[in-house]
Asker: 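Please read through the structure below; I'll follow up with questions.
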Amino acid sequence: MLGMTQHLPYSLLDLSPVPEGSTAQDAIRNTIDLAQRAEGWGYHRFWLAEHHNMPGIASAATAVLIGLVAQATRTIRVGAGGIMLPNHAPLTVAEAFGTLATVFPDRIDLGLGRAPGGDGAVVRALRRDPMADRFPQDVVELLDYLGPERPGAAVRALPGEGTNLPVWILGSSLFGAQLAAHLGLPYAFASHFAPDDLERALTLYRERFRPSRWNSKPYAILAANVFAADDPGEAAYLRTTMQLAFARLRTGQPGKLPRPVRDIDAEIGAGMRQAVDHSLRISAVGGRDQVADQLGALVDRYRPDELILTGQIHDHTARLRSFELAAEAASGLVQRAAA
């Protein structure tokens with residue numbers, strides 16, 4: 001059934017990329033600039049993600065950067081897409097995001113991921129137990145800290161308690177879908193880089209969702225890459241940055257965000273390019289109208305309640321233009337009720 005015809009919210013996921021030839025300071029300044037412009041372009045949320053030990057990503061201290069972005073904007077929701085909960089004690093996360101929610105009421109989101117956001121060396125450096133998998137228990141503990149006031153509790157998140165900060169489950173497998181459904185939380189699927197389980201995960205989440213004090217019905221976000229330009233050929237050229245970065249990451253050569261190339265197959269080989277394109281296939285590439293058509297096809301197929309758009313582009317001016325055109329394309333999308 002087609003059902004509802006209301007506007008589909010669209011949001012933005014930024015990794016605060018550090019392009020070749022620039023610094024982390026440049027990346028953070030560009031992130032703040034992008035967030036301010038995104039607010040004017042109608043984006044609903046601006047999310048940042050936790051990654052560690054990555055020369056090309058400046059969002060490692062995610063809560064700090066969220067505070068800077070929230071301070072520099074007025075109305076757009078700002079949050080984590082996400083915090084890698086295994087890296088942190090739930091109380092620490094509750095206090096950090098409770099503080100943000102206290103300073104910026106009704107503007108902060110907390111998305112939680114199960115991955116470490118880095119390799120084994122990072123896990124050890126964070127003093128975490130790599131064998132411990134307490135993600136479901138840690139999520140429940142965190143929800144308790146951020147929920148209604150608990151005057152008699154032995155441990156309280158202050159600030160944090162009583163903020164009822166929106167908590168999201170992020171995932172790229174069926175595990176997160178089941179947990180979000182069981183707890184009655186909103187769910188965001190990382191289809192922009194791991195789309196293989198997308199359809200099954202969304203179906204599972206919707207079928208098994210249990211209403212909770214946080215949400216009465218399922219709410220799912222679909223993540224998609226977008227590379228838009230006034231010239232469609234230029235959009236395909238800009239996309240090679242992400243193809244090249246993904247290939248380097250897969251072969252153990254992470255670095256700063258590479259410059260685009262005219263012949264991607266000459267750089268990484270046709271086989272690797274095909275593998276990368278398979279992982280990045282939830283994407284929209286081209287001019288505004290082409291991007292609108294491609295995003296519309298994704299919405300028609302997967303019936304998300306919201307889109308979150310991302311895209312690693314080397315040149316900041318080109319990145320701004322891409323997200324501006326993407327906003328124009330997304331603003332015409334209509335929300336479809338899940339079948």
Side-chain angles (χ1 to χ4, degrees), residues 12-31 34 48-49 51-60 115 117-119 121-122 172 190-196 198 223-288 290-291 293-295 298 308-326 329:
L12 197 158
L13 171 65
D14 181 36
L15 301 185
S16 197
V18 187
E20 291 177 347
S22 67
T23 66
Q25 185 179 49
D26 298 325
I28 292 169
R29 182 169 55 244
N30 289 342
T31 281
L34 176 60
L48 293 145
H51 292 79
H52 298 283
N53 204 31
M54 300 285 286
I57 296 176
S59 57
D119 58 17
V122 166
S172 58
S191 39
H192 60 301
F193 72 87
D196 288 349
L198 171 59
N225 301 292
V226 64
F227 303 92
D230 294 296
D231 172 21
E234 180 72 7
Y237 171 65
L238 296 175
R239 182 180 181 231
T240 63
T241 283
M242 192 162 183
Q243 292 170 303
L244 187 52
F246 213 76
R248 289 179 179 176
L249 186 62
R250 283 191 165 196
T251 54
Q253 306 171 69
K256 290 187 175 182
L257 192 66
R259 292 178 172 84
V261 296
R262 291 297 175 187
D263 188 347
I264 187 65
D265 284 2
E267 295 288 333
I268 64 175
M272 174 61 79
R273 193 260 307 156
Q274 290 168 4
V276 166
D277 287 352
H278 176 81
S279 295
L280 302 178
R281 67 184 182 273
I282 304 298
S283 296
V285 187
R288 180 184 57 197
Q290 291 171 301
V291 167
D293 289 344
Q294 292 167 45
L295 292 178
L298 290 172
I308 191 161
L309 305 177
T310 190
Q312 302 284 69
I313 293 175
H314 181 273
D315 179 72
H316 180 58
T317 300
R319 185 166 74 125
L320 292 175
R321 183 57 177 157
S322 179
F323 281 121
E324 181 180 18
L325 290 170

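Residues: numbered from 1 along the sequence shown. FYI, side chains are in, hydrogens and waters are out, and symmetry mates aren't considered; it's all heavy atoms of this structure.
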Asker: Would you compute the distance between atom CZ of F227 and atom CG of L325 and round it to the nearest 0.5 angstrom?
Answerer: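 Here the rounded value is 14.0 Å.
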Asker: If the condition is side chain to side chain contact (heavy atoms under 4.5 Å, CB included), which residues does A58 pass it with, not counting sequence neighbours?
Answerer: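 For A58, the residues satisfying side chain to side chain contact (heavy atoms under 4.5 Å, CB included) (neighbours in sequence not counted) are S16, V18, A24, A27, I28.
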Asker: What residues form a side chain to side chain contact (heavy atoms under 4.5 Å, CB included) with T317, not counting sequence neighbours?
Answerer: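 T317: side chain to side chain contact (heavy atoms under 4.5 Å, CB included) contacts with D315.
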Asker: Nearest 0.5 angstrom please: T31 OG1 to D26 CG, how far?
Answerer: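 Spacing of OG1 (T31) from CG (D26) equals 11.0 Å.
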Asker: Tell me if a side-chain donor or acceptor on S322 pairs with a main-chain N or O of A229 at a distance below 3.5 Å.
Answerer: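 No; judged by distance alone, with no hydrogens or angles, the pair does not exist.
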Asker: Can you confirm whether M54 sits close enough to L15 that some side-chain heavy atom of one is under 4.5 Å from a side-chain heavy atom of the other?
Answerer: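 Sidechains of L15 and M54: no contact.
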Asker: Report yes or no: does T241 contribute a side-chain atom to a donor-acceptor pair with the main-chain N or O of P258 at less than 3.5 Å?
Answerer: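 Confirmed, T241 side chain pairs with P258 backbone.
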Asker: Do T251 and M272 make a side-chain contact, defined as non-hydrogen atoms from C-beta onward lying under 4.5 Å apart?
Answerer: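 Heavy-atom side-chain distance check passes, below 4.5 Å.
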Asker: Among all residues two or more places apart in sequence or in another chain, which pass the side chain to side chain contact (heavy atoms under 4.5 Å, CB included) test with T310?
Answerer: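 For T310, the residues satisfying side chain to side chain contact (heavy atoms under 4.5 Å, CB included) (neighbours in sequence not counted) are L13, H192, N225.
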Asker: I'd like to know if the side chain of Q290 and the backbone of G287 have a donor-acceptor N/O pair within less than 3.5 Å.
Answerer: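 Checking the backbone N and O of G287 against the side chain of Q290, a donor-acceptor pair under 3.5 Å is found.
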Asker: Would you compute the distance between atom OG of S22 and atom CG of N30 and round it to the nearest 0.5 angstrom?
Answerer: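 S22 atom OG to N30 atom CG measures 7.5 Å (nearest 0.5 Å).
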Asker: Distance check, rounded to the nearest 0.5 Å: H52 atom NE2 versus S59 atom OG?
Answerer: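 Those atoms lie 9.0 Å apart.
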Asker: Take L34 and D14 through the test side-chain contact (heavy atoms from CB on, under 4.5 Å) and record every step on the way to the result.
Answerer: CA-CA 9 Å; L34 176 60; D14 181 36; 4.2 Å; yes
Asker: Grab the two heavy atoms, one from P17 and one from R319, that are nearest each other, plus how far apart they are.
Answerer: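 Looking at all heavy atoms of both residues, the closest pair is CD-NH1, 3.5 Å.
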Asker: Can you list every salt bridge (Lys or Arg N to Asp or Glu O under 4.0 Å) pair that touches residues 239-256, not counting sequence neighbours?
Answerer: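 Of all non-adjacent pairs touching residues 239-256, those that pass salt bridge (Lys or Arg N to Asp or Glu O under 4.0 Å) are E20-R248, R239-D277.
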Asker: Measuring from atom CZ of R273 to atom CG of D263, what distance do you get when rounded to the nearest 0.5 angstrom?
Answerer: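 It is 9.5 Å, given to the nearest 0.5 Å.
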Asker: Where is the tightest heavy-atom contact between L257 and A245, given as atom of each residue plus distance?
Answerer: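 Looks like CD1-CB, 4.2 Å.
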Asker: side-chain hydrogen bond (donor to acceptor under 3.5 Å, both in side chains) with Q25: which residues, sequence neighbours excluded?
Answerer: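 None.
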Asker: Is there a side-chain contact between L295 and L309 (heavy atoms, below 4.5 Å)?
Answerer: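 Counting from C-beta outward, L295 and L309 do come under 4.5 Å.
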Asker: Between the main-chain N or O of I264 and the side-chain N or O of T240, is there a donor-acceptor pair closer than 3.5 Å?
Answerer: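 The answer is no, because no donor-acceptor pair under 3.5 Å joins these two groups.
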Asker: Do you know the tightest heavy-atom contact between A228 and L238?
Answerer: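 Residues A228 and L238, closest heavy atoms: O-CD1, 4.2 Å.
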Asker: Considering all heavy atoms of both residues, which atom of V226 and which atom of F323 are nearest to each other, and what is their separation?
Answerer: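 For V226 versus F323, the nearest heavy atoms are CG1-CE2, 4.0 Å.
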Asker: Which pairs with one or both residues in residues 229-238 pass salt bridge (Lys or Arg N to Asp or Glu O under 4.0 Å), sequence neighbours excluded?
Answerer: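 For residues 229-238: D230-R321.
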Asker: I need the minimum non-hydrogen distance between A190 and S172, along with the two atoms involved.
Answerer: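 Answer, listing the atom of A190 first, then S172: CB-CB, 4.1 Å.
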Asker: Are the side chains of S283 and M242 in contact, using a 4.5 Å heavy-atom criterion?
Answerer: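 No; the side chains remain at least 4.5 Å from each other.
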Asker: Is a salt bridge present between R281 and D196, judged by a nitrogen-to-oxygen distance below 4.0 Å?
Answerer: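 Salt bridge between R281 and D196, a charged N being under 4.0 Å from a carboxylate O: yes.
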Asker: When you compare the side chain of I282 with that of L198, does any pair of heavy atoms fall below 4.5 Å?
Answerer: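 The answer is yes, as the side chains (C-beta and beyond) meet within the 4.5 Å cut-off.
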Asker: Provide the closest heavy-atom pair for V291 versus A329 in the form atom of the first, atom of the second, distance.
Answerer: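 Heavy atoms of V291 and A329 come nearest at CG1-CB, 3.9 Å.
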